[in-house]
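Take a look at the structure set out below.
These numbers come from a predicted model, not from an experiment. Start at 1 and go down the list; that is how both ligands and their atoms are numbered. Below, all heavy atoms of this structure are taken into account, side chains as well, without hydrogens, waters or symmetry copies.
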Amino acid sequence: MESKKKVVIACGGTGGHLFPGVAVAQEMKCRGHDVRLLISEKKVDAEASAKYGDLAFDTVPAVAKPATLSPKMIPFLWKLWKTTNQCKALLKEFGADAVVGMGGFTSLPPVVAGKKMGARTFVHDSNAVPGRANRLTARWCDKVLLGMEAARQFFPNSEVEITGTPVREEIQQLPSREEAAKKLGLDPELKTVLVMGGSQGAKQLNSLVVEASKAMPEVQFVHITGNFDYDRVKAELGDNCPTHHLIKFCDDMASVYAVSDLALIRSGASSLSEISYLGIASILVPYPYAADDHQTKNAEVFVEADAAVLRQEADLDAGVLVADVTAILGDTERLVNMSSASAALGVKDAATRVCAEVEKV
Ligand SMILES: CC(=O)N[C@H]1[C@@H](OP(=O)(O)OP(=O)(O)OC[C@H]2O[C@@H](n3ccc(=O)[nH]c3=O)[C@H](O)[C@@H]2O)O[C@H](CO)[C@@H](O)[C@@H]1O
């Protein structure tokens with residue numbers, strides 16, 4: 001084994017940053033290193049980290065960058081400075097050798113603190129168009145680790161390694177379809193569609209799926225609505241849809257993936273890394289307000305590989321959804337081909353690759 005390292009992984013703000021961070025931490029721990037995860041104080045981070053009691057989490061304030069000319073810029077810079085000092089204290093107490101930032105402005109202060117204290121610094125970006133915080137830190141951090149080749153062009157002056165985006169341990173080892181269906185109260189025999197709107201919610205998409213599913217009673221839906229939209233979607237669905245199952249927040253994605261034949265989801269990078277790891281075909285509906293429209297660019301990678309169908313929310317109605325779902329699930333050869341194309345995009349050893357880079361410290 002490489003010599004034991006003390007590694008801080010900054011991964012707060014959203015599931016899309018937190019779960020790849022957990023995956024890196026799990027692999028680091030397996031390899032005998034000491035790991036601390038820095039997440040934000042947001043409820044979403046508390047909820048998402050709750051089941052990983054064997055990992056050590058610390059919280060730091062969430063830092064979100066306002067528009068450059070906004071008057072909120074001054075309080076932002078003040079908070080950034082204060083949080084960076086807080087991170088410096090945490091890093092010093094832990095004796096960190098390396099800091100890995102998984103993206104977002106919440107991971108900026110820990111990476112800055114790491115740099116100032118002489119630790120090795122890494123940023124990982126999982127999107128086709130990298131986030132702004134990562135583009136900023138990439139200028140001086142030791143190495144930029146990327147989920148997708150498409151993002152390389154944004155870092156012409158950095159040392160770059162394409163590692164793929166790590167996937168949590170439990171998703172690497174799914175239960176059987178029957179076991180998972182039993183756990184979730186589903187029918188393992190029915191063709192099943194996973195619906196997931198991502199961290200920013202998906203009110204319109206949620207409503208369209210409810211309307212579409214009523215026209216496809218032979219298809220089973222596992223629909224993760226997000227905490228905020230659950231009651232509204234439940235009311236829209238009514239009581240007569242036994243094949244449409246709603247989940248507020250899912251802490252057992254492994255079971256959900258194990259029963260899913262098709263994913264109808266946003267194109268957030270972590271969800272994409274998971275469905276490609278597992279070889280699941282998809283209909284992708286990018287979050288329309290994502291920074292630099294990066295979810296469309298993420299989705300395009302999957303569409304170009306014939307692993308997915310891309311639908312912009314503005315062009316979507318229930319009829320289009322019914323047609324897409326029926327066409328894919330009704331054509332076994334197409335479903336198998338899309339699933340294989342999805343699997344070909346998955347990077348099975350992404351966590352190992354990230355750890356191997358950090359171990360070079
Ligand atoms: C709106 C927005 O800008 N979102 C961004 C955010 O990800 P965001 O968190 O929105 O979405 P992602 O698809 O990247 O990640 C969602 C993660 O949460 C998990 N999950 C989801 C629901 C649930 O109930 N339980 C659960 O465990 C999924 O399995 C997945 O691991 O950061 C990503 C990584 O930079 C970006 O690609 C996304 O575009």
Side-chain angles (χ1 to χ4, degrees), residues 10-24 39-40 42-52 64 101-107 123-135 145-148 150-151 165-172 174 184 194-203 205-206 222-230 245-258 260 263-278 280 282 284-302 313 350:
C11 57
T14 166
H17 300 139
L18 195 140
F19 291 123
V22 164
V24 174
I39 57 174
S40 80
K42 281 160 74 174
K43 186 176 171 221
V44 59
D45 283 359
E47 198 168 47
S49 59
K51 73 180 276 191
Y52 303 101
M102 303 303 291
F105 275 91
T106 296
S107 72
V123 291
H124 179 278
D125 201 295
S126 45
N127 296 289
V129 180
R132 293 181 189 184
N134 275 350
R135 280 193 251 176
L145 312 174
L146 297 178
M148 296 193 196
T165 294
V167 163
R168 299 168 268 167
E169 271 169 5
E170 68 264 31
I171 288 169
Q172 297 174 25
L174 295 191
L184 297 168
L194 158 65
V195 182
M196 181 164 64
S199 62
Q200 300 298 310
K203 229 172 150 182
L205 182 61
N206 283 340
V222 189
H223 185 164
I224 303 173
T225 60
N227 286 329
F228 296 115
D229 213 18
Y230 180 82
H245 301 260
L246 299 183
I247 302 178
K248 245 187 209 177
F249 173 80
C250 179
D251 65 358
D252 183 12
M253 287 304 297
S255 294
V256 167
Y257 283 132
S260 299
L264 168 50
I265 56 176
R266 292 291 193 212
S267 32
S270 286
S271 304
L272 292 181
S273 66
E274 290 163 3
I275 62 163
S276 58
Y277 188 96
L278 299 167
I280 299 175
S282 57
L284 301 175
V285 185
Y287 177 61
Y289 311 106
D292 301 321
D293 200 18
H294 69 263
Q295 289 208 355
T296 296
K297 300 286 181 238
N298 288 348
E300 281 167 1
V301 172
F302 279 63
E313 192 161 288

Do the side-chain N and O atoms of D45 and S40 include a donor-acceptor pair separated by under 3.5 angstrom? yes

Under 6.0 Å from the ring centre and within 45 degrees of the ring axis: does the NZ or CZ of R266 meet both conditions for the six-membered ring of Y287? no

Name the residues in contact with ligand 1, where contact means a heavy atom under 4.0 Å away: which are they? T14, G15, G16, H17, F19, S126, N127, R168, M196, S199, Q200, I224, F249, C250, M253, Y257, G268, A269, S270, S271, E274, Y287, H294, Q295, N298

Any side-chain to backbone donor/acceptor pair from N298 onto S267? Under 3.5 Å, distance only. yes

No-hydrogen, no-angle side-chain donor-acceptor test under 3.5 Å, Y52 and E170: yes

Indicate yes or no: does D292 engage R132 in a salt bridge with an N to O separation below 4.0 Å. yes

Check this for me: F228, atom CZ, are more than 12 non-hydrogen atoms of other residues, nucleotides or ligands nearer than 6.0 Å? no

